[in-house]
Number of protein chains: 2
Amino acid sequence: EKVVVSGVAYDKNQVKVTVTGVPDKPGVAAKIFNTISGANVIVDMIIQNIGEGGLTDMSFTVPRTDSKKIMEVMKKVVAEIGAKGVNLKEDIAKVSIIGVGMRSHSGVAARMFSALAKEGINIMMISTSEIKISCVIDAKYTELAVRVLHETFEMDKAA
Amino acid sequence: EKVVVSGVAYDKNQVKVTVTGVPDKPGVAAKIFNTISGANVIVDMIIQNIGEGGLTDMSFTVPRTDSKKIMEVMKKVVAEIGAKGVNLKEDIAKVSIIGVGMRSHSGVAARMFSALAKEGINIMMISTSEIKISCVIDAKYTELAVRVLHETFEMDKAA
Ligand SMILES: C[C@@H](O)[C@H](N)C(=O)O
Ligand SMILES: C[C@@H](O)[C@H](N)C(=O)O
């Protein structure tokens, strides 16, 4: 399947919440997200990598305007589930390349990561789907990241 | 935006590779995926959560048929980038709910996680996009997971 990168997107309106030392057993993710849903907070990305020693970390992003509310909610949840802690990172941005046939080409991800690396931009989080590869980076690099991704995937020529 | 869950999907043909103790600095993700791309291995999910102390873990899934090849490739990469190690987990399955308007409703994720939790199914990894919420679980629970997700989101009635 031919890969066509059709666009570059960014979102500077998200903040990242990470719950650390989450007990890795059934029901914990449900508890966390039932509580967040009950607080009427919208969640964009959810990222959980595989755990070790019965514990894992869980990160998710919410709108910047919900920073204070989500941290109040999460502090209670951390106590209830016996997690280690929760921290907030506000100066982030999510940059994504969008296209079709993305999953079949580790080459596309490699090109995106290389483009960011060339500019010294550290990739804090990565999440992928068939139509989108998203990286969370320091917010201050947003415009630079979007520009180099446009150049890498030649959006400017297609435009 | 109203959430409509239109389908449940599963994939038992993936295996998970996790690189642990990855130096969290620009260029490392690019190196890993340039090497994988050079070995002509297709990557489906890439999950990297935020790191701590200058290190993070990076997981990705590849076709089951590439297990041996990817581990040979990754053992070299681990040495080159100075990561701690790499491990393979083969008895996994990816189960997903697909729909529109998914991101605006932490409630949808909560329902999916609750459905799995009720059956005692542990969620090893989570990755989301606007149209898909995916969980990696133990392969032996695949059929049970698909069935309870169908029931939860009432696919059977719509069918
Ligand atoms: C960590 C969390 O995802 C847990 N494994 C669960 O299934 O709920
Ligand atoms: C860990 C890896 O993603 C690293 N942060 C990089 O930018 O390449």
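Every chain is numbered from 1 and lettered A, B, ... according to where its sequence line falls, protein lines coming before strand lines. Computed from a predicted structure; not experimentally measured.
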Using non-hydrogen atoms only, which part of A:I123 is less than 4.5 Å away from chain B: side chain, backbone, both, or neither?
both

Note: vs chain A, highest number of non-hydrogen pairs under 4.5 angstrom among B:G27, B:S127, B:A29, B:G120 is B:A29

Rounded to the nearest 0.5 Å, how far does OG of B:S129 lie from CD1 of A:I133?
12.5 Å

If I measure from the heavy atoms of chain B, does A:M112 come under 4.5 Å with its side chain, its backbone, both, or neither?
neither

Connected via hydrophobic side-chain network under 4.5 Å: A:V77 and A:V86:
yes

Only pairs of heavy atoms separated by less than 4.5 Å count here; which of B:Q48, B:K118, B:K89 has the most with chain A?
B:Q48

Per side chain to side chain contact (heavy atoms under 4.5 Å, CB included), A:T128 is matched among B:D44, B:I47, B:I46 by B:I46

Flag yes if A:I121 and B:M58 sit in one hydrophobic cluster, no otherwise; membership is Ile, Leu, Val, Met, Phe, Trp, Tyr, and two members link when side-chain heavy atoms are under 4.5 Å apart.
yes

Got a sec: does the NZ of A:K12 have more than 12 other heavy atoms crowding it under 6.0 Å?
yes

Is it possible for you to say whether A:V100 and A:I98 belong to one hydrophobic cluster, with membership spreading through side-chain heavy-atom contacts below 4.5 Å?
no

Quick check on the hydrophobic clustering: are A:Y141 and A:I97 connected, directly or via other members, by side-chain heavy-atom contacts under 4.5 Å?
yes

If you round to the nearest 0.5 Å, how far is CD of B:E130 from CE of A:M45?
9.5 Å

Cut-off 3.5 Å, side chains only: do A:T18 and B:N49 have a donor facing an acceptor?
no

Atom pair CG/CG of B:D57 and A:D57 - distance to nearest 0.5 Å
9.0 Å

In terms of heavy-atom pairs under 4.5 Å with chain B, which of A:S134, A:A117, A:A109, A:S96 leads?
A:A117

Heavy-atom cut-off 4.5 Å, strictly under: side chain, backbone, both or neither for B:K31 against chain A?
neither

What I'd like to find out is whether the side chain of B:N34 reaches to under 4.5 Å of the side chain of A:S114, using heavy atoms alone.
yes

When you look at NZ of B:K69, are more than 12 heavy atoms from neighbouring residues, nucleotides or ligands closer to it than 6.0 Å?
yes

Of A:A115, A:A110, A:C135, the largest count of non-hydrogen pairs under 4.5 angstrom with chain B goes to A:A110

May I ask whether B:F60 and B:L88 are part of the same hydrophobic cluster, defined by side-chain heavy atoms of I, L, V, M, F, W, Y residues being less than 4.5 angstrom apart, directly or through others?
yes

Drop me the distance from A:K132's NZ to B:K132's NZ, to the nearest 0.5 angstrom.
14.0 Å

Of all heavy-atom pairs between A:G107 and B:S37, which one has the smallest distance, and what is that distance?
CA-OG, 3.3 Å

Given heavy-atom pairs under 4.5 angstrom as the criterion, report whether the side chain, backbone, both or neither of A:E52 touches chain B.
side chain

Applying side-chain contact (heavy atoms from CB on, under 4.5 Å) to B:D24 and A:N122, what does each step give before you reach the verdict?
CA-CA 8 Å; B:D24 192 3; A:N122 194 46; 3.1 Å; yes

